[in-house]
2 protein chains.
Amino acid sequence: MGISKIDKMHSLSKNQQIIFDLIDKSPEPLKAYTILFNVQKRGIKAPPQVYRALDKLVEMGKIHKIESRNAFIACHNSSCQVAKATAFSICEICEKVTEISSAGLSKYLTSFKDKDGMKYSKYNLEFFGLCKKCR
Amino acid sequence: MGISKIDKMHSLSKNQQIIFDLIDKSPEPLKAYTILFNVQKRGIKAPPQVYRALDKLVEMGKIHKIESRNAFIACHNSSCQVAKATAFSICEICEKVTEISSAGLSKYLTSFKDKDGMKYSKYNLEFFGLCKKCR
DNA sequence: CTTATAAATGTTATATTATTACATAGTGTT
DNA sequence: AACACTATGTAATAATATAACATTTATAAG
Ligand SMILES: [Zn+2]
Ligand SMILES: [Zn+2]
Ligand SMILES: [Zn+2]
Ligand SMILES: [Zn+2]
């Protein structure tokens, strides 16, 4: 039987799958070298293997990079159709990160025009504050 | 005569001034080690000196960090009253970065409520697209 | 002015994050 | 088979950032 063409298009390579699984299971954003350490038993031994998989997963919208933290989180917005229009809230005490999926927010931002009348379909927004627990 | 109390409160230390001047003159965001290289002739010889000044300048709202680029830009919003609520547009071709100062945008974002009804006064937003020249 | 305190600086070493470069192996197409 | 393309493996190195500790300078109080 094997894997159909369409399935293949959406399927992850071995390293991508290993790394995605780890990130997806994690309750918190993972850093590249934390990932590396945790997948060494599965045969991924060097930074480029990790960074290459991370790059592809980000491209695909399966994960997002939290830029202010240099860490990666799985997309919890049903594999972000809007991989390139992301918003997060970050707790400044416990570092909990939550992906925000608000139609209103994304609509506001994608239709936002700057002084030159320019619109942007791609953006990254990071909110900082205290989460429920830490308040 | 010397410097008055109020002036002093707002004045920068020697290293802070050197590094702020460099960033403020620059037409593009500067990276920490680019800054280090450029201020060595002025006596700043090691990374901690640069990073410490950068930290303080960010705290004061005199400069902002462009997280997706690991680079620093002077605030062009009259020393950002909203040092902690920043928005930028970034050209994906020429890497030109512009600080966005839109009352509407900042009002929308500071009054934005997440699913838990939480508001955030602190945020960083980076828009990506093509600048006028590169379009 | 002296003492106390905090802020800033100088310096060395090291930690963390990310990429370059090149060789090899698999996958799909013609 | 030949080709193009993607993914992998590996070593070395580049780029970004912090820790730790000694010293100096600025500010404020007594
Ligand atoms: Zn997402
Ligand atoms: Zn928290
Ligand atoms: Zn500003
Ligand atoms: Zn441009």
Side-chain angles (χ1 to χ4, degrees), chain A residues 1-23 26 28-60 62-73 95 97, chain B residues 1-23 28-60 62-73 95:
Chain A
M1 320 198 331
I3 301 173
S4 81
K5 198 173 185 179
I6 296 261
D7 285 347
K8 192 62 187 172
M9 281 175 61
H10 293 302
S11 75
L12 303 179
S13 76
K14 177 172 140 283
N15 288 0
Q16 287 161 13
Q17 189 69 57
I18 290 169
I19 287 173
F20 175 73
D21 287 346
L22 183 71
I23 296 172
S26 172
E28 60 193 9
L30 294 179
K31 290 172 165 267
Y33 276 73
T34 303
I35 292 167
L36 175 57
F37 179 79
N38 279 281
V39 297
Q40 280 181 333
K41 49 182 162 303
R42 306 213 46 193
I44 296 173
K45 293 182 197 156
Q49 295 173 287
V50 173
Y51 282 102
R52 282 192 294 230
L54 290 173
D55 287 349
K56 290 293 183 186
L57 291 167
V58 167
E59 260 180 35
M60 294 176 204
K62 300 283 292 181
I63 65 172
H64 304 301
K65 183 173 187 179
I66 309 302
E67 293 286 357
S68 65
R69 300 299 186 261
N70 297 316
F72 299 84
I73 191 176
E95 292 290 323
V97 174
Chain B
M1 309 204 340
I3 303 173
S4 82
K5 198 172 185 179
I6 296 261
D7 287 345
K8 194 61 188 171
M9 279 174 62
H10 294 301
S11 77
L12 303 178
S13 75
K14 178 172 141 281
N15 288 0
Q16 286 160 15
Q17 189 68 58
I18 291 169
I19 287 172
F20 175 72
D21 286 347
L22 183 71
I23 295 171
E28 61 193 9
L30 294 178
K31 289 171 167 269
Y33 276 73
T34 303
I35 292 167
L36 175 57
F37 179 79
N38 279 282
V39 296
Q40 280 181 333
K41 50 182 162 304
R42 306 213 44 194
I44 296 174
K45 293 182 197 156
Q49 295 172 287
V50 173
Y51 282 102
R52 282 192 294 230
L54 290 174
D55 287 349
K56 291 293 182 185
L57 291 167
V58 167
E59 259 180 36
M60 294 176 203
K62 301 282 292 181
I63 65 173
H64 305 301
K65 182 173 187 181
I66 309 302
E67 293 286 357
S68 66
R69 300 299 187 261
N70 298 317
F72 300 84
I73 190 176
E95 292 291 322

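Note that the structure is predicted; figures quoted are calculated from it, not measured. Each chain gets a letter, A, B and so on, in the order its sequence line appears, and its residues count up from 1.
Remark: the A:Y33 side chain and the C:dA15 base include no donor-acceptor N/O pair separated by less than 3.5 Å.
Residue-to-nucleotide proximity on DNA chain D shows that, of B:K65 and B:R52, the 5′-proximal contact is made by B:K65. Comparing B:A32 and A:K56, the nucleotide of DNA chain D nearest to each residue sits closer to the 5' end for A:K56. In this structure, B:Q16 and B:K45 both approach DNA chain C, and ranking their closest nucleotides by distance from the 5' end singles out B:Q16.
Residue A:P47 has its side chain nearest to C:dA18 when only C:dT11, C:dA18, D:dT16 are considered.
Judged purely by atom type and a 3.5 angstrom limit, A:K65 has no side-chain atom pairing as donor or acceptor with the backbone of A:D55.
Separating the CG atom of B:L36 from the P atom of D:dT18 is a distance of 15 Å, rounded to the nearest angstrom. Atom OH in A:Y51 sits roughly 19 Å away from atom P in D:dA12 (whole-Å rounding). One atom, CG of A:N15, and another, P of C:dT27, lie 13 Å apart when rounded to the nearest Å. What separates CD1 of B:I35 from C1' of D:dA17 is a distance of 13 Å, to the nearest Å. Nucleotide C:dT17 holds its P atom 10 Å from the CZ atom of A:F72, rounded to whole Å. One can place CG of B:N70 at 13 Å from P of D:dA15, the figure rounded to the nearest angstrom. At whole-Å resolution of the value, CD in B:Q17 and C1' in D:dT25 are 17 Å apart. Put simply, CD on A:Q49 is 15 Å from C1' on C:dT20, counting in whole angstrom units.
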Assess whether side chain to side chain contact (heavy atoms under 4.5 Å, CB included) is satisfied between B:K62 and B:Q16, documenting all intermediate values.
CA-CA 10 Å; B:K62 301 282 292 181; B:Q16 286 160 15; over 6 Å; no
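At D:dA26, none of the side-chain N or O atoms of B:S13 fall inside 4.0 Å of OP1 or OP2 (strictly under the cut-off). At D:dA14, none of the side-chain N or O atoms of B:K31 fall inside 4.0 Å of OP1 or OP2 (strictly under the cut-off).
A distance of 13.5 Å separates NZ of B:K56 from CD1 of B:I19, quoted to the nearest 0.5 Å. Taking CD of B:Q49 as the reference point, atom CD of B:Q40 lies at 9.5 Å (rounded to 0.5 Å). With values rounded to the nearest 0.5 angstrom, B:L54 atom CG is found 11.0 Å from B:N15 atom CG.
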